[in-house]
Amino acid sequence: ARSSRSAASSVSTATAIYFVISFLSASIVRRGGRAALPVLQGTLLVDGLYLAVAIAQTGGTAEAIRLLPYVHVVGVTLLCSYRTGLKIAVWHTLLFLLVVEGARAGVLDDWMADGNVATLVDGATLTIAGLWVFALGTALFAAASERQLRRQKHDLARLSDMVARVDTDPEAANIPDVLLEELCFTFGFARGVVLASPRGDLKLLAWTGNEMPRDLAVGVDEAISKAWEGRASQLLRTIDPDTDPRLASLIPNARNVLVVP
């Protein structure tokens with residue numbers, strides 16, 4: 001078995017080589033081009049190899065060294081994607097198991113300092129379990145964030161389509177119909193109404209539903225008045241026909257209604 005001083009010297013050498021490779025990789029990635037992505041992906045694998053070498057040479061006795069794969073997985077998950085983070089977690093797991101089995105079989109006796117083999121083998125299960133707790137926990141939140149970003153991208157695309165339709169439509173009277181159609185499609189609204197007027201009583205400009213009611217109430221409903229005066233959206237679980245007769249006649253029996261000024 002090797003001495004602690006010899007192990008520290010080997011770690012220093014491995015670190016120097018790792019920094020050189022990282023610097024060269026960063027230079028290629030900054031230049032861009034076709035080689036940037038493969039080099040970046042290869043660098044992630046090199047990170048895992050370097051950490052495996054550091055753990056093998058020190059036996060993982062330093063807590064900071066054992067935690068570095070955790071930090072690496074979390075960083076990759078947040079900066080790249082949760083899929084890439086899980087792949088890197090598999091890579092770290094395979095490398096760590098390889099180191100543990102090599103230490104257990106005595107293959108790494110010339111690499112490791114005295115007494116570090118037992119420490120590495122005894123803590124293997126806990127280290128791998130902790131790594132996957134971090135990896136899965138971070139991936140869960142990252143996946144939710146990615147879904148939200150995809151949803152926002154989709155909404156922006158629909159908004160762009162709506163603006164394009166409004167731009168190319170020669171009739172201004174068609175704008176409320178385009179607006180309502182796109183809103184219902186994008187957000188999954190079952191029914192909707194657009195009411196507007198420069199002055200006086202609001203006019204019905206657009207409407208979606210099964211069948212237009214015969215007797216429509218007139219006037220400004222309380223919910224609409226509150227939304228306009230407060231310049232804030234109103235959330236209604238149901239529509240009260242006494243306070244909001246017009247909305248009740250246009251979208252009868254509606255639930256979870258959003259009134260937007």
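Numbers for residues simply follow the sequence, beginning at 1.
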Looking at [X], I'd like to know if its [atom1] atom is crowded, meaning that more than 12 non-hydrogen atoms belonging to other residues, nucleotides or ligands lie closer than 6.0 Å.
| X | atom1 | value |
| --- | --- | --- |
| Phe189 | CZ | yes |
| Asn253 | CG | no |
| Arg231 | CZ | yes |
| Arg150 | CZ | yes |

How close do [X] and [Y] get, counting heavy atoms only, and between which atoms?
| X | Y | value |
| --- | --- | --- |
| Val193 | Trp207 | CG2-CD1, 3.7 Å |
| Val259 | Ala223 | CG1-O, 4.1 Å |
| Ala142 | Thr77 | CB-CG2, 3.7 Å |
| Thr127 | Tyr70 | O-OH, 2.8 Å |
| Thr208 | Ala190 | OG1-O, 4.4 Å |

Check whether Leu67 and Ile88 end up in the same hydrophobic cluster, where Ile, Leu, Val, Met, Phe, Trp and Tyr are linked by side-chain heavy atoms less than 4.5 Å apart. yes
Path from Leu195 to Leu179 over hydrophobic side-chain contacts below 4.5 Å: no
Can you tell me how far apart [atom1] ([X]) and [atom2] ([Y]) are? Round to the nearest 0.5 Å.
| X | Y | atom1 | atom2 | result |
| --- | --- | --- | --- | --- |
| Asp221 | Ser249 | CG | OG | 7.5 Å |
| His92 | Leu68 | NE2 | CG | 9.0 Å |
| Ile251 | Asp244 | CD1 | CG | 9.5 Å |
| Ile224 | Leu247 | CD1 | CG | 4.0 Å |
| Leu78 | Thr84 | CG | OG1 | 12.0 Å |
| Leu204 | Ser197 | CG | OG | 12.0 Å |

Partner set under side-chain contact (heavy atoms from CB on, under 4.5 Å) for Ala206, not counting sequence neighbours: Pro176, Asp177, Leu180, Val194
Residue list, side-chain contact (heavy atoms from CB on, under 4.5 Å) with Ser233, at least two apart or on another chain: Leu258, Val260, Pro261
Under 3.5 Å, which donor-acceptor pairs do the side chains of residues 156-164 form with other protein atoms, sequence neighbours left out?
| residue | atom | partner | partner atom | Å |
| --- | --- | --- | --- | --- |
| Arg158 | NE | Glu182 | OE1 | 3.3 |
| Arg158 | NH2 | Glu182 | OE1 | 2.6 |
| Arg158 | NH2 | Glu182 | OE2 | 3.3 |

Side-chain donor-acceptor distances from residues 37-55 under 3.5 Å, at least two apart:
| residue | atom | partner | partner atom | Å |
| --- | --- | --- | --- | --- |
| Thr43 | OG1 | Ser25 | OG | 3.4 |
| Thr43 | OG1 | Val39 | O | 2.7 |
| Asp47 | OD1 | Tyr18 | OH | 2.6 |
| Asp47 | OD2 | His72 | NE2 | 3.1 |
| Tyr50 | OH | Thr15 | OG1 | 2.6 |

Residues clustering with Phe23 (ILVMFWY side chains joined when closer than 4.5 Å, directly or via others): Val20, Leu24
Anything under 3.5 Å between a donor and an acceptor, one on a side chain of residues 129-139, the other on a protein residue two or more places apart or in another chain? List them.
| residue | atom | partner | partner atom | Å |
| --- | --- | --- | --- | --- |
| Trp132 | NE1 | Thr93 | OG1 | 2.8 |
| Thr138 | OG1 | Phe134 | O | 2.7 |

Student check: side-chain heavy atoms of Ile21 and Ile17 closer than 4.5 Å: yes
Got Cys80 and Lys87 here, is their nearest side-chain heavy-atom distance under 4.5 Å? no
Under the side chain to side chain contact (heavy atoms under 4.5 Å, CB included) rule, what do Arg246 and Leu202 come out as? Steps first, then yes or no, please. CA-CA 10 Å; Arg246 194 169 192 183; Leu202 298 178; 3.7 Å; yes
